2 protein chains.
Amino acid sequence: MTTSEYDRIVRRLVEAAGHASQSLGVGRVMGQIFAYLYLCRDPRSLDDLTSALGISKGSASMGVRQLEQWGALEKVWVKGDRKDYYKARDAFGKIIKNVIRDLAGKRIESSSILLHEVEDVLKKKVLKNGKDSDEDAFIRERIEKIRLFQNKAQGMWDGVILKMLLK
Amino acid sequence: MTTSEYDRIVRRLVEAAGHASQSLGVGRVMGQIFAYLYLCRDPRSLDDLTSALGISKGSASMGVRQLEQWGALEKVWVKGDRKDYYKARDAFGKIIKNVIRDLAGKRIESSSILLHEVEDVLKKKVLKNGKDSDEDAFIRERIEKIRLFQNKAQGMWDGVILKMLLK
DNA sequence: TTATGCGTTCAATTAGTTTTGAACGTATCA
DNA sequence: TGATACGTTCAAAACTAATTGAACGCATAA
């Protein structure tokens with residue numbers, strides 16, 4: 001049978017995608033659903049997903065919703081059919097961008113705020129006590145270095161996002 | 001007391017580092033240990049770590065070993081003292097590079113191998129059956145696109161690593 | 001050499017995360 | 001309107017990862 005050859009390929013790619021999405025921290029199911037739909041020419045229903053991937057209806061439902069929010073899937077209405085059908089969007093770049101934005105959003109920023117607060121505390125301490133102690137000087141220097149690193153990392157990160165946005 | 005002001009700062013930074021390392025997928029403890037030592041002028045023992053961070057001796061031991069392997073810590077011998085002491089290395093770039101290399105090592109590469117295998121299977125299928133079916137053509141096209149994306153992602157990743165290596 | 005105290009290990013436990021599936025609400029069609 | 005077929009929800013179960021701490025081996029100091 002011709003199908004089985006494809007089935008094996010699809011299954012392997014779906015599995016790989018599951019691993020990938022898991023190691024990106026978005027759960028196995030996301031990768032599986034997306035990969036499966038990406039390799040299906042025609043749209044598929046939730047039931048198709050549950051039987052093809054061996055996941056529960058609940059998982060399938062939550063998965064497609066999340067993927068839709070990331071712009072990874074498109075809902076397709078089939079006239080005279082009450083089921084929702086889904087197909088994969090073919091725009092890796094934008095999808096990944098959305099995922100990253102969603103996941104990493106405010107983390108770096110919030111650490112930047114923390115550093116500012118800490119620096120403020122140290123500044124006030126100096127004003128109150130007159131001169132830096134040895135301990136003060138050491139911690140100040142280290143926090144300064146953290147900030148430098150943080151800026152560099154931020155810059156690199158922004159670069160990555162930028163490349164994602166272009167094309 | 002002056003210490004408590006520092007204590008609060010250190011504790012907050014340690015906590016933030018724990019969150020960061022966790023979200024990078026290397027566990028909370030790594031970040032905590034490194035941050036704590038990074039903010040201590042003098043080397044610290046395992047016992048210091050367990051009491052300062054509220055973690056078990058086992059965690060501390062495993063943590064410092066991993067961090068040492070990443071080049072994040074330096075062991076310091078104190079004459080007449082059987083304990084090992086550790087201090088943080090001040091080289092974020094290299095440390096991060098080592099961590100990334102360690103974590104991400106072969107992941108992208110192995111997915112590349114999988115794609116090659118899949119492409120081979122499809123090629124053989126065409127040779128056997130003569131002409132591409134519609135289904136064939138669709139899957140081929142999609143796999144081609146996966147490969148393109150994978151190459152782009154690989155390139156971007158390499159770029160990040162490169163910037164880490166320089167300076 | 002022995003006694004002591006140190007770091008290490010790993011089986012057991014705890015904490016956290018993902019997945020399930022039964023119950024539910026809703027839209028559609030007869 | 002009622003019956004049916006769908007998607008959604010969320011508490012509970014299953015699974016996975018992190019952490020502990022007692023037992024151990026080893027090195028040092030006496």
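Predicted model only: the values in this text are computed from it and were never measured. Just so it is clear: chains get the letters A, B, ... in the order the sequence lines come, proteins before strands, and each one is counted from 1.
Listed by chain and number, the residues in a side chain to side chain donor-acceptor pair (under 3.5 Å) with B:E117 are A:R12 (sequence neighbours excluded). With sequence neighbours excluded, the residues satisfying side chain to side chain contact (heavy atoms under 4.5 Å, CB included) with A:K97 are A:R101, A:M164, A:L165. Residues passing the ring pair (Phe, Tyr, Trp, His ring centres under 6.0 Å) test with B:F92 are A:F149, B:Y38, sequence neighbours excluded.
In this entry the distance linking CD of A:Q66 with P of D:dG7 reads 18 Å, nearest Å.
Screening residues 18-44 of chain A for salt bridge (Lys or Arg N to Asp or Glu O under 4.0 Å), with sequence neighbours left out, gives A:R41-B:D134, A:R41-B:E135. Counting only residues at least two apart or in different chains, ring-ring contact (aromatic ring centres under 6.0 Å, His included) contacts with residues 61-81 of chain B are absent.
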Summary of protein contacts for nucleotides 4-23 of chain C, nucleotide by nucleotide, where a base hit scores B, a sugar-phosphate-only hit scores S (4.0 Å, heavy atoms): BBSBBBB--------SBB--
